[in-house]
Amino acid sequence: MRSLVALALCMAASFAWGQQRYTVSDEDAAGPGTPRVVVLRDAAGGVEAAIAPSEGGELSSFRILFNGQWIELLYHAREYSSPKGFQGKGPLLWPAVGVQYPLGNFPKSTCGDGSYSLHGKTYPMPCHGFAKSLPWQEVSRNADNQMARVTVELRDSDQTRPSYPFAFHLDATYTLAGGQLTIDYTVRADAANTEPMIFSIGNHIAFKIPFLPGTDPANMTLETPSTVQMLRNAQGFVNGEQKPRSFESPQRLGDFDARVAIPLAGYRSQPYAVLKDPQGLSVRISQQATSDLPEPIVRFNIYGGPQAGYLSPEPWFGMTNSLNLGKPLVTLPAGNSWVWRIQLKASGPPPSLPAQASGVERYGGDFGYVEGPVWSKQGFLIFSDMFDSRIMKMSQASHAEIYRDYTNGANGNSMDVQGRLYSCERDGRRVVRMEKDGHLTTIAPEFEGKRLNDPNDVVVRRDGQVYFTDPAPKDSLQHFELGYSGVYHVTPQGAISLIAKMTRPNGVALTPDGRTLYIADTTERKIMAYDLDAQGNASRERVFISGIDGGPDGLRVAANGNVYIACRGIAVYSRDGKFIRMIEFPEMPANCTFGDRDLKTLYVTARTSVYRVRIPDKGFLQYAK
């Protein structure tokens, strides 16, 4: 780990002299005579991805810098010498994810060439579709100080029309930014089509196991919050029946058999899968789309295992034989487009505590992405594990329990004087309250008849007045009806009003007397202030703090009026808006809260971990009498 820290320091120094963080370049996949690959690099993030346009436009390699060494994560990465058996890497499966066998007439192979019927005609369809077998064309590339990106495309041609009678335009845009790889597959139905275009989609991505030398692959774990497994008939094809099956609690690869693929469905929030090496290296793959389909629909198809040397948690959006079944399929009218997004994030253990962070303790870790900490009057911490779509409870270090499951990507949280928990649901696009008996009440589902964007953070005044922020993220696939990012007030009677429009409203907090509302604007790097009257109405908008070191996120106000802001670290400002100090943490903080019996411990949610540190100020909780 020291070597990794040293390398990061060297990188930081070189960037200070003008080295570009992100680059795009061309290489031979594996030496002269092998296919060309386009390589995206994030030097500071220690991540590299290679794309092979001529080989189905696939992801050919995905590497991470771990303990000073480059580790390849994909199975058969950059190999194009016709290896026998499963070929690995990350090819796209489209316009069908599985074999298209004629109904009632099963082929000899579970992945042999099949056929399907459409509008009274029969068309041949290769197993998994034709996209992975055709050359794609590069259409654009760029690299700047924000990201590295390449787009490749496949269009209908004389090769596709005999098996797919639609005019289409299929793009794959690979973007490497902030140590994360995002793949956007954009499907466009040509305006000349006389019928809606139908398809399903998937990706055959396979990771080599183990990730690191010396690991027993049977001890690696898989986590994915499915609720059901789709069952197969005697011929091995998914037959529409299902049984309960969840990998929400990580399972050892040695404890289940995936040599026959396990199709998983019933996801209640954004689907994801995490594959982890016990030596501390993990990779997370998540997916989302511009539209959903009715359940059941396979979202991950788990294949491989320790005996095979790989595990393929294939992200899917469909079902085997979907073209013949007529479901589940995306139906795309002529002239329309649809996007399917896959995101890959490889992570090692968090860096060691810096020397200057005296007193900072890692309270818990190995979460997806933590946010929204709240200290319960009963003496425990509550916080969102947002990417894993659950709210956790911790009453002691390194011991987390699920407080609320399937939270629709809950982000910020707050409590009222009755001890009820308020949560901003990212995927649900609403603010909810968890009642004492556990059932949910929707506090804010919409505004003026339009769905909310992406509720982020919430606070409840002692008299029941609720305030929350609702940004509209630029990188979301969702359609936002409101057209702006806003700050809202909800009265105890349920009336919702708009306080302000803002570039990117984020954290929200109240002064102890409940007369001033603070809102963090992350993009503008400032904190806005508003006066509140007895009815909770806001007035006198003004800038309270500007020029914050890093984009401000969550914030809290101590009993003496000092403001604690999650940004590059935790920045502490006086009640007059003057900077006091910065508390450093190994990971970038997202939010914070005061806790423990004396409210003089600051609990901080920071990426994958929860930290705590004793502070001189006594905290304050609106909901504590």
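Note that the structure is a prediction, hence the values are computed from the model and not measured.
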Kindly give the heavy-atom pair with the smallest separation between R232 and A261, and that separation in Å.
-> NH2-O, 2.8 Å
Which class fits the ring pair F247 and F256: parallel under 30°, tilted 30 to 60°, perpendicular over 60°?
-> perpendicular
Should the pair D405-R268 be classified as a salt bridge under the 4.0 Å nitrogen-to-oxygen rule?
-> no
Can you pull the salt bridge (Lys or Arg N to Asp or Glu O under 4.0 Å) pairs that have at least one residue in residues 278-287, sequence neighbours excluded?
-> R284-D388
Closest heavy-atom pair, P53 versus V38, reported as atoms and distance to 0.1 Å, is CG-CG2, 4.1 Å
So, does E58 use its side chain to make a donor-acceptor pair with the main chain of S60 at under 3.5 Å?
-> no
In terms of heavy-atom contacts, L264 and R245 come closest through CD2-CG, 4.1 Å
Is the backbone of E72 close enough, under 3.5 Å, to the side chain of K208 for a donor and an acceptor to pair up by distance?
-> yes
Shortest non-hydrogen separation from S395 to Y363 and the atoms involved = C-OH, 3.4 Å
The salt bridge (charged side-chain N to carboxylate O under 4.0 Å, His left out) partners of E587 (sequence neighbours excluded) come to none
Are any side-chain N or O atoms of N324 and backbone N or O atoms of S115, one a donor and one an acceptor, separated by less than 3.5 Å?
-> yes
How about F86 and Y303: are their ring centres within less than 6.0 Å of each other?
-> yes
Tell me, please, which residues at least two apart from D184 pass salt bridge (charged side-chain N to carboxylate O under 4.0 Å, His left out).
-> R341
Between Y116 and M125, is a side chain to side chain contact (heavy atoms under 4.5 Å, CB included) present by the stated rule, with each step listed?
-> CA-CA 7 Å; Y116 68 103; M125 179 61 69; 3.7 Å; yes
Short question: side chain of D277, backbone of L212 - any donor-acceptor pair under 3.5 Å?
-> yes
In sequence, state the C-alpha distance, the side-chain angles, and the governing distance for Q287 and Y272, and then conclude on side-chain hydrogen bond (donor to acceptor under 3.5 Å, both in side chains).
-> CA-CA 6 Å; Q287 58 159 307; Y272 71 88; over 6 Å; no
Applying salt bridge (charged side-chain N to carboxylate O under 4.0 Å, His left out) to E435 and not counting sequence neighbours gives R420, R433
Could you tell me whether the side chain of N193 and the main chain of E195 form a donor-acceptor pair under 3.5 Å?
-> no
Derivation and outcome, side chain to side chain contact (heavy atoms under 4.5 Å, CB included), residues S61 and V37 = CA-CA 9 Å; S61 169; V37 293; over 6 Å; no
With sequence neighbours left out, which residue pairs that include part of residues 304-323 fulfil the salt bridge (Lys or Arg N to Asp or Glu O under 4.0 Å) condition?
-> none
Shortest non-hydrogen pair, P91 vs K89, comes out as CD-C, 3.6 Å
With R252, the side-chain hydrogen bond (donor to acceptor under 3.5 Å, both in side chains) member among D216, T221, N219 = N219
Output yes when D366 and K276 qualify as a salt bridge under the 4.0 Å nitrogen-oxygen rule, no when they do not.
-> yes
Between S226 and Y406, the two heavy atoms sitting closest are O-OH, 4.5 Å
Once the angle between the rings of F380 and Y403 is folded into 0 to 90°, is it parallel (under 30°), tilted (30 to 60°) or perpendicular (over 60°)?
-> tilted
Counting distance only, does the side-chain N/O of H204 pair as donor-acceptor with the main-chain N or O of G90 below 3.5 Å?
-> no
Pair R451-E481, salt bridge (charged side-chain N to carboxylate O under 4.0 Å, His left out): steps then yes or no = CA-CA 6 Å; R451 289 192 69 188; E481 301 172 12; 5.4 Å; no
Expected output: side-chain Q87 to main-chain H76 donor-acceptor under 3.5 Å | no
Are side-chain heavy atoms of P296 and M230 found at a separation under 4.5 Å?
-> yes
Could you go step by step and tell me if Q180 and L344 meet the side chain to side chain contact (heavy atoms under 4.5 Å, CB included) rule?
-> CA-CA 6 Å; Q180 177 173 274; L344 287 171; over 6 Å; no
Backbone N/O of L323 and side chain of Q100: donor-acceptor pair under 3.5 Å = yes
From W338, F199, Y185, Y267, residue fulfilling ring-ring contact (aromatic ring centres under 6.0 Å, His included) relative to F317 = W338
Taking the six-membered ring for Trp, are Y164 and W94 parallel (under 30°), tilted (30 to 60°) or perpendicular (over 60°)?
-> perpendicular
If you count the non-hydrogen atoms of other residues, nucleotides and ligands that lie under 6.0 Å from CD in Q69, is the total more than 12?
-> no
Residue set satisfying salt bridge (charged side-chain N to carboxylate O under 4.0 Å, His left out) with D42, at least two apart, ordered chain then number -> R21
Step-by-step side chain to side chain contact (heavy atoms under 4.5 Å, CB included) determination, D171 to V152 | CA-CA 6 Å; D171 281 351; V152 295; over 6 Å; no
State which residue, out of P328, P263, S322, P271, fulfils the side chain to side chain contact (heavy atoms under 4.5 Å, CB included) condition with V298.
-> P263
Backbone of Q478 reached by a side-chain donor or acceptor of S476 within 3.5 Å = yes
Let me see the working for N408 and S269 under side-chain hydrogen bond (donor to acceptor under 3.5 Å, both in side chains), right down to the final yes or no.
-> CA-CA 5 Å; N408 292 314; S269 191; 4.7 Å; no
Residues E248, R390: salt bridge by 4.0 Å N-O rule | yes
Looking only at atom types and distance, does a side-chain atom of W70 sit under 3.5 Å from a main-chain N or O of E48, one as donor and one as acceptor?
-> no
